[in-house]
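Below is one structure, written out as structure tokens, with a few remarks after it.
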There are 2 protein chains.
Amino acid sequence: MAAITEHGLAELTMAGLARRLGTSGGHILYYFGSKDQVLVETLRWSEERLAPRRAELVAGSAPAGERLAGYVDLYLPTGAADPRWLLWVDVWSRTIAVPELREAQAELDRGWHEDLVRLVDDGVRAGEFAPTDAEAFSVRLRAMLDGFSTQIVIGVPGVDRDVLADHAKDHARRTLAPALL
Amino acid sequence: MAAITEHGLAELTMAGLARRLGTSGGHILYYFGSKDQVLVETLRWSEERLAPRRAELVAGSAPAGERLAGYVDLYLPTGAADPRWLLWVDVWSRTIAVPELREAQAELDRGWHEDLVRLVDDGVRAGEFAPTDAEAFSVRLRAMLDGFSTQIVIGVPGVDRDVLADHAKDHARRTLAPALL
DNA sequence: CAATCGCTTTGAACGGCGTTCAAAGACCGT
DNA sequence: ACGGTCTTTGAACGCCGTTCAAAGCGATTG
């Protein structure tokens with residue numbers, strides 16, 4: 001992750017990474033099998049580091065609306081070169097050619113999905129949100145967040161992370177708003 | 001596009017493409033400059049082929065709701081290996097390393113955005129949709145569609161193109177529904 | 001203590017990639 | 001028939017991810 005942050009994913013080669021780690025390219029592949037596996041394991045590691053904060057958002061005692069806003073902020077890339085999202089986009093394009101990546105990737109997604117469903121159900125149960133199909137809500141919101149994240153991380157001119165975050169939060173607020181009476 | 005359809009983007013090499021075209025790799029690069037440019041020009045060509053149908057959706061006389069559903073169907077990939085969307089995902093990951101692609105890509109996006117804004121404004125003007133910030137609606141819906149498209153084209157297990165299309169259409173319908181009184 | 005044996009680690013070699021470029025070919029106005 | 005410009009080729013280049021034979025290392029054993 002540090003290597004990606006410093007020089008970008010495109011500059012990350014087996015030989016370069018090995019040099020940085022004081023070992024050889026062959027050695028890395030002895031354990032990981034392929035560069036694809038290195039990348040997907042790095043993504044997994046990166047996602048695991050977010051797990052505690054995500055768990056807190058699901059289990060926390062703050063109003064569900066606030067926790068949902070926190071979920072959006074945690075999901076989106078921090079900025080134009082967020083290494084976690086560089087990995088996501090790269091893994092997407094590699095998944096098309098390398099089916100072994102598909103399951104790992106689907107599994108990471110599932111974690112985000114299940115937590116969001118719990119969070120929304122929690123808010124509904126507390127009467128803070130209108131009765132909602134949490135599954136459908138999660139599928140839609142996360143797709144929107146994926147689209148926003150892509151734009152942010154590839155640096156589409158004129159897009160601003162915080163503006164897009166507000167779009168997502170506003171969408172959530174309106175969709176989950178309890179009926180006025 | 002035919003080569004991508006038949007063998008996938010990962011198998012598409014300069015030498016292989018040249019052989020298929022009865023020419024040499026150097027010759028393709030004489031005109032295109034780089035493989036990245038070949039891909040982005042191919043994407044542009046592919047998008048241009050959709051332009052007439054998109055224009056018809058904007059200018060058509062059918063109810064705006066129906067035209068919006070048509071927009072969703074045109075936007076999403078046709079299936080798991082839609083070559084247009086293989087190119088999109090590939091261009092996303094290359095854009096990160098090759099800034100020259102960014103403008104081309106943003107420009108293609110702009111076309112979809114502007115047409116969707118017109119379509120929604122049209123529906124609002126006709127009283128078919130509630131008064132809506134069409135800009136914001138377009139930013140959100142297209143992000144959602146990008147997220148869905150990614151999942152479809154990379155073949156996430158368990159996702160179905162038509163189910164996701166219905167999600168998008170339902171989101172649009174609910175968001176744009178005129179108030180009940 | 002030496003021999004053995006599995007697990008690590010190396011780095012040279014490999015095939016294939018996108019790209020470059022000197023040379024050859026084709027075309028055309030004069 | 002010549003000259004000049006634009007095309008086209010294909011060999012060469014540097015770099016990539018990956019493979020694999022050989023060497024290194026440490027623990028187990030007689």
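Naming: A, B, ... by sequence-line order, numbering from 1 per chain. Keep in mind it's a predicted model, so treat the numbers as computed, not measured. Values below: all heavy atoms of this structure, side chains included; hydrogens, waters and symmetry mates excluded.
- The interatomic distance linking Tyr30(A) (OH) with dA22(D) (P) rounds to 17 Å, in whole Å.
- For Met14(A) and dC15(D), the CE to C1' distance is 14 Å, given to the nearest whole Å.
- Ion pairing between Asp122(A) and Arg125(A) holds under the 4.0 Å rule for side-chain N and carboxylate O.
- When distances are taken from the side chain of Ser24(B) to each of dC17(C), dG11(C), dT9(D), the shortest belongs to dT9(D).
- dG16(C) atom P lies 18 Å from atom CG of Leu17(B), rounded to whole Å.
- Of the candidates dT19(D), dG10(D), dT7(D), dT7(D) carries the atom nearest the His27(B) side chain, counting heavy atoms from C-beta on.
- By the 4.0 Å N-to-carboxylate-O rule, Glu107(B) lies too far from Arg110(B) to be salt-bridged with it.
- When distances are taken from the side chain of Lys35(B) to each of dT9(C), dT19(C), dT18(D), the shortest belongs to dT19(C).
- Taking atom CG on Leu29(B) and atom P on dC6(D), their separation rounds to 20 Å, with Å as the unit.
- Between the C1' atom of dT9(D) and the OH atom of Tyr31(B) lies a distance of 13 Å, rounded to the nearest Å.
- Computed from coordinates, the Arg19(A) CZ to dC16(D) P distance equals 9 Å when rounded to whole Å.
- When rounded to the nearest whole Å, the span between CG of Asp90(B) and P of dG18(C) equals 11 Å.
- Phe32(A) comes within contact range of no nucleotide atom at all, as no heavy-atom separation falls under 4.0 Å.
- Taking the charged nitrogens against the carboxylate oxygens, Arg140(B) and Asp133(B) have no contact shorter than 4.0 Å, which rules out a salt bridge.
- Between Thr23(B) and the phosphate of dT9(D), there is a side-chain N or O to OP1/OP2 separation shorter than 4.0 Å.
- Relative orientation of the Phe148(A) and His167(A) rings is tilted, given thresholds of 30° and 60° on the angle between their planes.
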